[in-house]
Number of protein chains: 2
Amino acid sequence: MKEIYIETAKEGLQRQGYKLTGPRLAIIRYLAGEKGHPDIRQIFTRIRSEHPGIGIATVYRTVDLLLELGFLRAITIKKNQLRYEVNWPGDHHHHLVCKGCGRVIEFGSCNFQLISKEIEKVTRFRIEEHILEAYGLCHDCLPGKQHYSTEKM
Amino acid sequence: MKEIYIETAKEGLQRQGYKLTGPRLAIIRYLAGEKGHPDIRQIFTRIRSEHPGIGIATVYRTVDLLLELGFLRAITIKKNQLRYEVNWPGDHHHHLVCKGCGRVIEFGSCNFQLISKEIEKVTRFRIEEHILEAYGLCHDCLPGKQHYSTEKM
DNA sequence: GATGCAGTTGATAAAGATTATCATTTATTA
DNA sequence: TAATAAATGATAATCTTTATCAACTGCATC
Ligand SMILES: [Zn+2]
Ligand SMILES: [Zn+2]
Ligand SMILES: [Zn+2]
Ligand SMILES: [Zn+2]
């Protein structure tokens with residue numbers, strides 16, 4: 001799976017005329033093995049540990065490129081902080097974020113395609129992608145409904 | 001509608017112990033009459049035209065406060081740029097953004113609630129809100145499928 | 001394998017966005 | 001009206017993202 005992704009990304013870059021450079025390969029390999037949802041800063045520091053010379057600008061550039069080519073997805077865990085994850089083929093899922101502790105859970109039960117055709121017809125748009133994020137409280141953060149006692153104490 | 005929103009927001013602020021200040025009222029009134037999806041900068045410049053002394057920090061603070069209290073919603077039109085809109089009671093809608101021209105259309109046919117209960121059961125989260133944004137091409141941007149000819153010319 | 005070149009990189013400057021600080025002002029209550 | 005805590009505006013400080021450009025490199029050609 002991971003190897004297939006790496007190969008597919010490499011082929012994709014080359015087919016579109018982009019060079020297979022060391023920094024790009026390092027970023028692709030790292031992302032292919034990352035299970036979480038790192039932000040730019042995390043990607044940068046992780047890559048730099050085994051590829052010390054890399055610059056932050058290259059990370060921005062490569063992440064943008066991988067987004068454009070569809071090898072990455074961007075998600076919004078919290079305001080003003082984009083996070084990234086591999087866009088595994090056939091793995092369509094979304095995220096549930098706990099507003100208490102920040103925990104992120106993925107869920108695959110998306111029913112957007114049930115209404116997208118109708119929306120396309122009405123709006124005459126061609127819908128290519130969508131993002132869906134749900135926010136709430138996880139089981140650990142639920143019980144203490146301290147909102148009343150601590151909010152304006 | 002607009003007046004009701006303004007009154008509700010004023011009451012909401014006071015009930016939670018926040019002062020009804022000039023800057024806050026100016027921002028609330030402006031937002032109540034805004035039909036689009038302004039960002040912080042737009043809110044700031046609009047408010048300043050009739051409330052010249054206001055500082056950008058106050059706009060940030062007030063917008064954050066209104067978000068927390070549920071009087072505003074944040075949406076993501078494009079990467080790294082939050083935009084805001086009034087959270088009208090009973091008006092649940094989402095956005096369709098054209099990747100070509102940036103045009104934004106709202107649609108109300110959301111079916112997320114059909115799966116949210118199941119997700120809550122499985123994950124033991126309590127879901128409080130969700131964001132859904134669709135991206136694609138509007139009718140005007142569709143015809144010229146110049147992607148092939150211009151992309152790497 | 002050497003050569004040429006366009007694409008890429010890293011360093012760093014520049015620009016923008018957001019937050020922190022703090023003296024002054026203001027809404028609210030009594 | 002006076003007392004008080006909250007809020008504001010100016011601005012410094014911090015972060016984030018983008019622009020610039022000389023040096024470097026993958027890759028095609030020979
Ligand atoms: Zn939690
Ligand atoms: Zn989906
Ligand atoms: Zn809207
Ligand atoms: Zn919805």
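Only a predicted model underlies this, so the values are computations on that prediction, with no experimental measurement involved.
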Taking for each residue the nucleotide of DNA chain D with the nearest heavy atom, is it Ile54(B) or Lys79(B) whose nucleotide lies nearer the 5' end?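 The residue closer to the strand's 5' end, by nearest nucleotide, is Ile54(B).
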Touch check for Gln14(B), heavy atoms < 4.0 angstrom, all strands: base, sugar-phosphate only, or nothing?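 Sugar-phosphate contact only.
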Students often get this wrong, so: under 4.0 angstrom with heavy atoms, is Gly53(B) touching a base, only sugar-phosphate, or nothing? sugar-phosphate
Looking at DNA chain C, which of residues 55-66 of chain B put a heavy atom within less than 4.0 Å of it?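 Residues of residues 55-66 of chain B that come under 4.0 Å of DNA chain C are, in numerical order, Ala57(B), Tyr60(B), Arg61(B).
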Thinking salt bridges, do Glu85(B) and Arg83(B) make one under a 4.0 Å N-O criterion? no
So, are Lys99(A) and Glu129(B) salt-bridged, with charged N and O less than 4.0 Å apart?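 The answer is yes: the pair qualifies as a salt bridge.
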Taking the side chain of Pro23(B) as its heavy atoms from C-beta onward, which of dA6(D), dT16(D), dG9(D) lies nearest to it? dG9(D)
Leu20(A) has a side chain; which of dG9(D), dC27(D), dA27(C) sits nearest to it? dC27(D)
Spacing of [X] atom [atom1] relative to [N] atom [atom2], expressed in whole Å:
X	N	atom1	atom2	answer
Arg15(A)	dG26(D)	CZ	P	21 Å
Phe44(B)	dT19(C)	CZ	P	15 Å
Gln81(B)	dG16(C)	CD	P	13 Å
Leu25(A)	dT25(D)	CG	P	14 Å
Arg24(A)	dT25(D)	CZ	P	14 Å
Gln16(B)	dT28(C)	CD	P	15 Å
Leu82(A)	dC15(D)	CG	C1'	15 Å
Leu13(A)	dT8(C)	CG	C1'	12 Å

Under 6.0 Å between ring centres, would you say that holds for His95(B) and His37(B)? yes
Side-chain N or O of Asn80(A) less than 4.0 angstrom from OP1 or OP2 on dT18(C)? yes
Strictly below 4.0 Å: does Thr21(B) bring a side-chain N or O up to OP1 or OP2 of dT26(C)?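 Checking Thr21(B) against dT26(C): no side-chain N or O falls below 4.0 Å of OP1 or OP2.
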Hey, is the main chain of [Y] close enough, under 3.5 Å, to the side chain of [X] for a donor-acceptor pair?
X	Y	value
Thr8(A)	Ile4(A)	yes
Glu106(B)	Leu96(B)	no
Thr76(A)	Lys78(A)	no
Gln16(A)	Tyr18(A)	no

